[in-house]
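Labels below follow one simple rule: chain letters A, B, ... track the order of the sequence lines, proteins then strands, and each chain is numbered from 1. These numbers come from the heavy atoms of this one structure, side chains and all, not from hydrogens, waters or symmetry mates.
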Number of protein chains: 2
Amino acid sequence: MKKYKDLSPSPRTIMTPGPVEVDPRVLRAMSYPILGQFDPEFTGLMNETMGMLRELFQTENEWAFPIDGTSRSGLEAVLTSVIEPGMKVLIPIYGRFGHLLAEISERCGADIVTLEQEWGKVFDPEEVIGAIKREQPAVVAMVHGETSTGRIQPLAEIGRACRELDVLFVVDAVATIGGVPVETDNWCIDAVIGGTQKCLSVPSGMAPITYNSRIEQHIMQRKRIERGLRDPGEPLLELGRTIRSNYFDLSQLQDYWSAARLNHHTEATSMLYALREGLRILLEEGLEARFARHLLHERALASGIEGMGLELYGDPACKLPVVTCVAIPDGVDGEAVRAMLLEQFSIEIASSFGVLKGKIWRIGTMGYSCRKQNVLQVLGALEAVLTYCGSSVNKGAAVQAALVVYREAEAT
Amino acid sequence: MKKYKDLSPSPRTIMTPGPVEVDPRVLRAMSYPILGQFDPEFTGLMNETMGMLRELFQTENEWAFPIDGTSRSGLEAVLTSVIEPGMKVLIPIYGRFGHLLAEISERCGADIVTLEQEWGKVFDPEEVIGAIKREQPAVVAMVHGETSTGRIQPLAEIGRACRELDVLFVVDAVATIGGVPVETDNWCIDAVIGGTQKCLSVPSGMAPITYNSRIEQHIMQRKRIERGLRDPGEPLLELGRTIRSNYFDLSQLQDYWSAARLNHHTEATSMLYALREGLRILLEEGLEARFARHLLHERALASGIEGMGLELYGDPACKLPVVTCVAIPDGVDGEAVRAMLLEQFSIEIASSFGVLKGKIWRIGTMGYSCRKQNVLQVLGALEAVLTYCGSSVNKGAAVQAALVVYREAEAT
């Protein structure tokens, strides 16, 4: 018997806040033979991907390309390229991923100022704007959709204030991009980081970003051409201002993504195929239709959860449409329920982090996983598991409540 | 007509020093549906991949896992995690990628000392050992196989000296891993970085690394638990020694790859499938058989090139078996030849960098691309293109010379 068996992953219904099921068209794209990184056919695909990313980010920015790494590589690329040691960075935090922005910024040597909001809520934009006026940071970094708590932060007013006050505004839209509107230009966001493995339904491994000329001007002052590509006589920039990463140096990466194609890394071919296909699918569906689809299935799922007699967690006024957080009923072992869902039904839902660990389940309705079949399956299975575990639920009500939502949507 | 067409990449014969053709079994592996990152089936695949990486790296190290990014992400992860600002790092350079090690180390704040060898040669180990004794660095970082010049550096003596002198020895084996022997433990290498898109024939997008307990002990002194995962009361490590990257922090990454599975990034599922399959193929072939295959096709290619009347570039005593550098004949436009090979024959070979730009072609014989069909094709096509361009070559001799090598190999 072979020590390492043939790959044969079990089919899963993945209803977490990411990674979610990958669209089969994207899986197929990854199975195509690769092209060399400077093959004109491949650089053509790279350019097309940039064009589609501009549509996704709703921007006229020149720069829109993926970082070759998982979502947090995109966060680190932007923050490392923008933040110089000692720079003041304001970070409003309302969940785990706000802490991550603070963590990365701190490691870049930023002088960070954090605002913290109780988990389950978001900030009143006026509170953030007040802090910007008071603290006068060079950069504001915040999360658009916080998957740890299932909340979404309104950004337009904060963006306008940043622009007026000449502050750079960096937004983590990893969870929202492709599922809910992210209006880069209209909201005056200077740099946006998206994720692939959530509402785009592309595997984890790339992080699409965009940034405007305000960011570009800033990072160009920190640019240094790589040793080994430099002319011998060329003067060195003092290391003081140099971006402290080579891999995440946006001033080098944009040369690689420009017509100059200055050698940096070797682009991740199959992941680029995947991202391009995911973007094609998204543009074929259309952004508006896609956002409407995410809202419909959220409504069906939430109706089902409430119909079952369970409680939704968090302030409903700022619920993130693509993640539904469910309070784990008293006396129920949340992890045992998740394990049974996976083992018996091949359905995956998520737990949460920090103070919410053991308190809520998180159910995603993202991208290709965001469809009727999956919503009905997860509701039926969750009811069955809770019943099996002796928890009292309104039997049969969840799926019926969801079906009502779907019937009403079809009627309009 | 659709703005963005269906993906349909042209079939290519890729004979560059990477990225090279991907094994069809690896392409198929990427087309399988994904699993959630904490799904026990997926963490099982992660553990298997670690086991296979240990065999690849010929090591008993506990830590052997991929960094989610292209090859240089692996270099940066190791160097950023190891190098503290002001630390003395010795970097012997004999081609472009030695400069990259210096570039990354410099950005980490290292006090770097470089040795430079003329391109086309490598170092006498005694020269490096002398420099180690003289400079007393904390770290020596060097390239095993330099694709820019097609040379390979003997490492065993340098590794032994580093161990005796208590210096950390970091090796870039991106080009060699899986194609020529890399004996991590026998050669006393403390950290090794491999590449996927060369001799493993997996797409670019992951960088397998391994490191031993000497490295681990050092980086654990620099460890800081991520904000948002920390207990509120936990004391902070002074930022001074903290690893200045979150994405590349090996002390966090090893927690993610350990049984604790402490959340960090979301593992790149499809790329992990690809790496696992690439490693399975490698172990089925066997390391020794694989190394012998790379030597055979190198011999056939080199015989063909010389038979054609072209000259090999560089010191033959340290030729890298997986890259053959060919001097571009006087009066021949190397880029025009490459373009015609691609456009007419769908064959890709590479140019080089810096002082070698326009002087040599580089032909890879790596992984799945390293096979008889490809060697014979590239020889026949190169002869045809040179003849078409009016260059004088020994007509018909290249393919015949290669066939003789294959016949002799079959006879033994």
Salt bridge flag under 4.0 Å for residues A:K3 and B:E55:
yes
Considering only NZ, NE, NH1 and NH2 on the basic side and carboxylate oxygens on the acidic side, decide whether A:E106 and B:R244 come within less than 4.0 Å.
no
Decide if the gap between the ring center of B:F248 and the ring center of A:Y247 is smaller than 6.0 angstrom.
yes
Tell me, side chain or backbone of [X] under 4.5 Å from chain B's heavy atoms, or both, or neither?
X	answer
A:S245	both
A:I67	neither
A:I14	side chain
A:L279	neither
A:T16	neither
A:V20	backbone
A:M52	both

Measure the shortest side-chain to side-chain distance between [X] and [Y] over non-hydrogen atoms and say whether it is less than 4.5 angstrom.
X	Y	value
B:N263	A:F353	yes
A:N246	B:L75	no
A:I34	B:P9	no
B:R12	A:D39	yes
B:E48	A:K5	no
B:M30	A:L27	no
B:E21	A:P33	no

Using a cut-off of under 4.5 Å for heavy-atom pairs, which of [options] has the most such pairs with chain B?
options	result
A:K357, A:M271, A:E348, A:E41	A:E41
A:P203, A:A29, A:S73	A:S73
A:Y32, A:F42, A:F38	A:Y32
A:R276, A:M206, A:Q197	A:R276
A:L342, A:I104, A:T269	A:L342
A:G205, A:S270, A:P11	A:S270

Just give me the residue among B:V22, B:T80, B:L35 that pairs up with chain A most often, heavy atom to heavy atom, under 4.5 Å.
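Winner by heavy-atom pair count: B:L35.
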Counting only heavy atoms closer than 4.5 Å, note whether B:I243 contacts chain A via side chain, backbone, both or neither.
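For B:I243, heavy atoms of backbone and side chain both lie under 4.5 Å from chain A.
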Part of B:S71 within contact of chain A (heavy atom distance under 4.5 Å):
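Neither part, no heavy atoms under 4.5 Å.
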Under the side chain to side chain donor-acceptor pair (under 3.5 Å) criterion, do B:E267 and A:S204 qualify, and how do the steps go?
CA-CA 7 Å; B:E267 187 54 16; A:S204 172; over 6 Å; no
How long is the gap from OH on A:Y4 to CG on B:L45, to the nearest 0.5 Å?
11.5 Å
Given 3.5 Å as the limit, does a donor-acceptor pair link the side chain of B:R107 with the main chain of A:T242, or not?
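Between the backbone of A:T242 and the side chain of B:R107 there is no qualifying donor-acceptor contact (under 3.5 Å).
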Ignoring hydrogens and angles, tell me if any N or O in the side chain of A:R72 forms a donor-acceptor pair with the backbone of B:H264 under 3.5 Å.
yes
